[in-house]
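Naming: A, B, ... by sequence-line order, numbering from 1 per chain. The model shown is predicted, which means the values in this text are computed figures rather than measured ones.
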Amino acid sequence: MTLTQKIIASKSGQSTVRAGQIVRASVDVALANDITAPVSIRELEKFENKVCDPDRVVFVLDHFTPNKDIKSAENCRFIRDFCSEHGIEKCYHGAEAGIEHALLPEQGLVLPGQLILGADSHTCTYGALNAFSTGVGSTDLAVAIKTGECWLKVPSAIKIVLAGNFRKYVSGKDLILHIIGLIGVDGAAYRSIEFCGDTQALSIDDKFTVCNMGVEAGAKNCIFPADETVTEYVQAHNMCGRPYRVFEADPDAEYEKTIYIDLSELDPVVAYPHLPSNIKSVYDAEKDRIRLDQVVIGSCTNGRYSDLEAAADILRGKKVSSHVRTIIIPATPEIYKKAIKNGLMEVFTESGCIISPPTCGPCLGGFMGILADTEKCASTTNRNFVGRMGHTGSEVYLCSPAVAAQSAVEGIISAPKGDE
Amino acid sequence: MGKVFKYGDNVDTDVIIPARYLNAYQPSELAEHCMEDIDRSFSKEVKYGDIIVAGENFGSGSSREHAPLAISACGVCAVIAKSFARIFYRNAINIGLPIFECTEAVDKISAGDEILVDLKTGEINNITKGETYNAEPFPDFIAELIDDGGLVNHVLKRGRI
């Protein structure tokens with residue numbers, strides 16, 4: 001069995017499962033946010049006993065918060081009231097809220113070997129921690145909250161074998177955009193993407209970024225083996241010392257195809273509008289002299305501390321272009337505090353950036369950085385669909401924090417250069 | 001019988017229901033903005049019983065169930081596509097929006113054709129062109145979910161998934 005299949009087998013109480021089989025599996029964490037939770041709660045109201053185990057439910061109010069308008073505020077209150085009524089303690093709001101897929105690992109709420117279901121497509125992020133983790137809709141989530149279970153079609157898998165090390169300014173974001181460019185936006189549809197080989201070359205934050213965007217290739221889940229970066233991270237964040245089990249693929253696991261990637265051969269890349277698969281090397285992209293109106297550095301994809309650090313290393317002592325609104329969004333309150341403590345926030349304010357509280361806001365065209373017609377934005381977020389960040393005539397170019405920061409300084413999409 | 005609205009590949013959930021409207025979750029409110037960023041006139045022209053036909057990877061992107069809810073609340077009786085993104089596929093079945101995978105139908109049906117879909121058998125009759133196509137059958141478990149009227153009704157009826 002593949003790594004994913006072994007976790008699904010363990011969660012469905014079977015010794016073995018095969019691709020295509022439909023199983024009923026137990027859910028360790030059921031996650032929703034301020035957009036998807038109200039729909040789940042409305043479905044839950046059809047049941048008499050609504051919550052099977054409040055401890056397995058996590059709500060993070062991160063998309064339209066701090067509340068952007070009256071309706072959003074009403075939705076958040078609706079969720080908080082439901083949590084109070086049903087004893088759900090893990091409802092992160094106000095100053096405790098961060099972007100869910102950065103917050104849950106940081107708070108030790110997701111562990112290796114778990115089955116995590118989230119009413120948010122980027123729930124696939126937690127595969128970085130050797131968990132089976134996938135996005136679903138609000139009704140699936142409601143039923144997981146009610147019954148503690150979900151139904152799953154056991155996926156087949158694509159294996160990606162990594163070798164080598166990134167060159168300077170190349171990161172997990174470039175790797176996943178490269179993969180999406182290679183296999184297409186539905187190239188992994190209904191399948192797992194399983195990484196193996198020199199996975200140690202990727203930091204844990206790179207692994208989060210890579211798994212986060214697996215859904216942009218249509219994947220059901222993305223998953224890494226529990227190498228040292230994973231176990232070290234888990235040990236540091238599993239505050240309550242909860243037990244967990246790591247899984248590995250069988251040596252004879254069957255894969256639909258195998259892709260070999262030498263990390264040292266990758267360039268930083270940019271995904272042009274309007275698909276994440278539409279990639280170009282940044283060295284070619286800079287020849288297009290794409291004049292920017294906005295840069296966003298943040299999101300569940302690239303709003304972690306190391307992402308802010310990569311941006312600050314480029315912005316230190318420089319000013320962002322006068323025509324580029326450069327918005328920095330630390331993904332969680334902990335990241336925000338660490339960035340203040342270590343002087344990153346000073347770098348950002350001195351270079352002319354705008355600092356936002358943790359929120360998904362602009363990534364999905366919610367608020368805090370909406371684009372006008374014809375405006376162009378280089379963004380470390382995950383989607384560049386038509387109208388994703390505002391007007392349908394606007395354009396989003398996806399890239400890493402290093403490319404975004406250099407581009408903010410130059411005013412056009414640019415390759416990170418450094419001082420050497 | 002209904003009229004076809006036809007779209008291409010990768011119709012994502014951001015164009016089906018833009019996020020700026022996700023502060024609402026009442027289906028009728030979502031319906032007013034359905035497909036707005038890809039087809040501004042859709043929500044005004046669509047009538048009860050009409051059908052959406054599209055290419056590969058329909059419903060890609062976010063997990064928002066608001067997307068199939070908006071389509072369903074517009075009166076659309078079925079979506080026929082070459083393939084569906086997996087979260088949209090689950091969501092449509094869970095909420096009782098009929099969906100069918102049929103490459104032949106998508107290749108041969110034109111926008112504005114009048115078609116009749118047998119929701120039980122997946123037989124698609126193109127009245128305008130006088131043709132018949134057959135959609136891929138659902139696996140047994142999914143057919144059972146559809147018969148029960150979606151996932152919540154399935155659990156209400158059977159006491160578990």
Side-chain angles (χ1 to χ4, degrees), chain A residues 20 22 24 34-36 38-40 42-44 46-47 63-64 68-72 74-75 118-123 134-143 146-147 149-151 153 184-186 189-190 215-216 218-220 274-275 363-367 370 383 385-388 390 392, chain B residues 9-16 18-27 29-30 36-38 40 55-69 82-96 139-142 144-145 150-156 159-161:
Chain A
I22 292 177
R24 190 191 295 123
D34 52 314
I35 289 179
T36 56
V39 182
S40 295
R42 187 180 59 196
E43 291 304 309
L44 281 168
K46 297 173 183 167
F47 296 107
H63 275 60
F64 291 164
K68 82 178 178 99
D69 54 23
I70 296 167
K71 281 183 181 171
S72 307
E74 298 286 353
N75 288 344
D120 186 283
S121 59
H122 294 109
T123 302
T134 193
V136 294
S138 296
T139 298
D140 268 316
L141 205 270
V143 167
K146 149 83 187 153
T147 65
E149 292 183 325
C150 65
W151 69 269
K153 190 164 140 192
V185 291
D186 59 355
Y190 297 94
V215 64
E216 312 313 336
K220 182 171 214 146
H274 289 286
L275 285 176
C363 171
L364 73 162
F367 71 137
I370 301 301
R383 291 190 177 128
F385 301 155
V386 172
R388 173 72 180 179
T392 52
Chain B
D9 293 340
N10 301 314
V11 174
D12 61 74
T13 54
D14 278 285
V15 296
I16 296 172
R20 58 185 175 275
Y21 303 118
L22 297 184
N23 55 5
Y25 59 93
Q26 297 305 335
E29 209 173 334
L30 297 169
E36 188 173 290
D37 282 0
I38 193 175
R40 217 154 252 288
E56 304 279 2
N57 204 27
F58 186 88
S60 54
S62 110
S63 70
R64 64 190 71 158
E65 207 161 287
H66 310 61
L69 283 171
K82 290 187 180 177
S83 65
F84 292 90
R86 57 163 285 276
I87 306 179
F88 185 92
Y89 181 95
R90 291 181 74 107
N91 287 348
I93 287 162
N94 286 344
I95 68 151
D140 291 346
F141 172 74
I142 292 172
E144 187 180 290
L145 277 186
L151 184 64
V152 166
N153 288 331
H154 172 84
V155 174
L156 282 169
R160 65 180 306 182
I161 293 173

Asker: At a 4.5 Å cut-off on heavy atoms, which part of S138(A) comes close to chain B: side chain, backbone, both, or neither?
Answerer: both
Asker: With a 4.5 Å limit on heavy-atom distance, are the side chains of S63(B) and T36(A) in contact?
Answerer: yes
Asker: Kindly say whether G137(A) contributes a backbone atom to a donor-acceptor pair with the side chain of N91(B) at under 3.5 angstrom?
Answerer: yes
Asker: Inspect the contact between E65(B) and R42(A) and indicate whether a charged nitrogen and a carboxylate oxygen are less than 4.0 angstrom apart.
Answerer: no
Asker: Is the shortest side-chain heavy-atom distance between I142(B) and W151(A) below 4.5 Å?
Answerer: yes
Asker: How far apart are the closest heavy atoms of S121(A) and G61(B), and which atoms are they?
Answerer: CB-O, 3.5 Å
Asker: Run the side-chain contact (heavy atoms from CB on, under 4.5 Å) check on F141(B) and K153(A) step by step: do they pass?
Answerer: CA-CA 10 Å; F141(B) 172 74; K153(A) 190 164 140 192; over 6 Å; no
Asker: Which residue out of L156(B), T13(B), N153(B) racks up the most heavy-atom pairs below 4.5 Å with chain A?
Answerer: L156(B)
Asker: If you count heavy-atom pairs within less than 4.5 Å of chain A, which of D9(B), D12(B), D37(B) leads?
Answerer: D12(B)
Asker: Between L364(A), I35(A), V215(A), D34(A), who has the most heavy-atom pairs with chain B when the cutoff is under 4.5 Å?
Answerer: I35(A)
Asker: Side chain, backbone, both or neither: which part of D69(A) has a heavy atom under 4.5 Å from chain B?
Answerer: side chain
Asker: Is the closest side-chain heavy-atom distance between F64(A) and L22(B) below 4.5 Å?
Answerer: yes
Asker: Which atoms of N75(A) are under 4.5 Å from chain B, going by heavy atoms: the side chain, the backbone, both sets, or neither?
Answerer: side chain
Asker: How long is the straight-line distance from OG of S62(B) back to CZ of F385(A), given to the nearest 0.5 Å?
Answerer: 9.0 Å
Asker: Against chain B, label L275(A) side chain, backbone, both or neither, depending on which of its atoms sit under 4.5 Å from a heavy atom there.
Answerer: side chain
Asker: Assess the side chains of T134(A) and R86(B): does a donor N or O sit below 3.5 Å from an acceptor N or O?
Answerer: yes
Asker: Sort H154(B) into side chain, backbone, both or neither according to what part of it lies under 4.5 angstrom from a heavy atom of chain A.
Answerer: neither
Asker: Can you say whether I38(B) sits under 4.5 Å from chain A via the side chain, the backbone, both, or neither, judging by heavy atoms?
Answerer: neither
Asker: Pick one of side chain, backbone, both or neither for T139(A), based on which atoms fall under 4.5 Å of a heavy atom in chain B.
Answerer: both
Asker: In the structure I gave you, are the side-chain heavy atoms of N94(B) and V143(A) within less than 4.5 Å of one another anywhere?
Answerer: no
Asker: Under a 4.5 Å heavy-atom cutoff, which of G387(A), S72(A), G135(A) has the most pairs with chain B?
Answerer: G135(A)
Asker: Under the side chain to side chain donor-acceptor pair (under 3.5 Å) test, which residues partner S60(B), sequence neighbours left out?
Answerer: none
Asker: At their closest point, which heavy atom of K71(A) faces which heavy atom of A24(B), and how far apart are they?
Answerer: NZ-CB, 4.2 Å
Asker: Under a 4.5 Å heavy-atom cutoff, which of V136(A), V386(A), T147(A), T392(A) has the most pairs with chain B?
Answerer: V136(A)
Asker: Side chain, backbone, both or neither: which part of P68(B) has a non-hydrogen atom closer than 4.5 Å to chain A?
Answerer: neither
Asker: Where on I22(A) is there a heavy atom nearer than 4.5 Å to chain B: the side chain, the backbone, both, or neither?
Answerer: side chain
Asker: Excluding sequence neighbours, so at least two apart, what forms side chain to side chain donor-acceptor pair (under 3.5 Å) with E36(B)?
Answerer: R20(B), Y21(B), H33(B)
Asker: Quick check against the 3.5 Å criterion: does R24(A) have a side-chain atom that pairs as donor or acceptor with the backbone of I161(B)?
Answerer: yes
Asker: Could you tell me which portion of V185(A) (side chain, backbone, both or neither) has an atom closer than 4.5 angstrom to a non-hydrogen atom of chain B?
Answerer: both
Asker: Examine whether an atom of V15(B) lies under 4.5 Å from a heavy atom of chain A, and if so say whether it belongs to the side chain, the backbone or both; otherwise answer neither.
Answerer: side chain
Asker: Of all of L44(A), I370(A), L141(A), D120(A), which one pairs up most often with chain B through heavy atoms under 4.5 Å apart?
Answerer: D120(A)
Asker: Using non-hydrogen atoms and a 4.5 Å limit, figure out which bit of Q26(B) sits close to chain A: side chain, backbone, both or neither.
Answerer: both
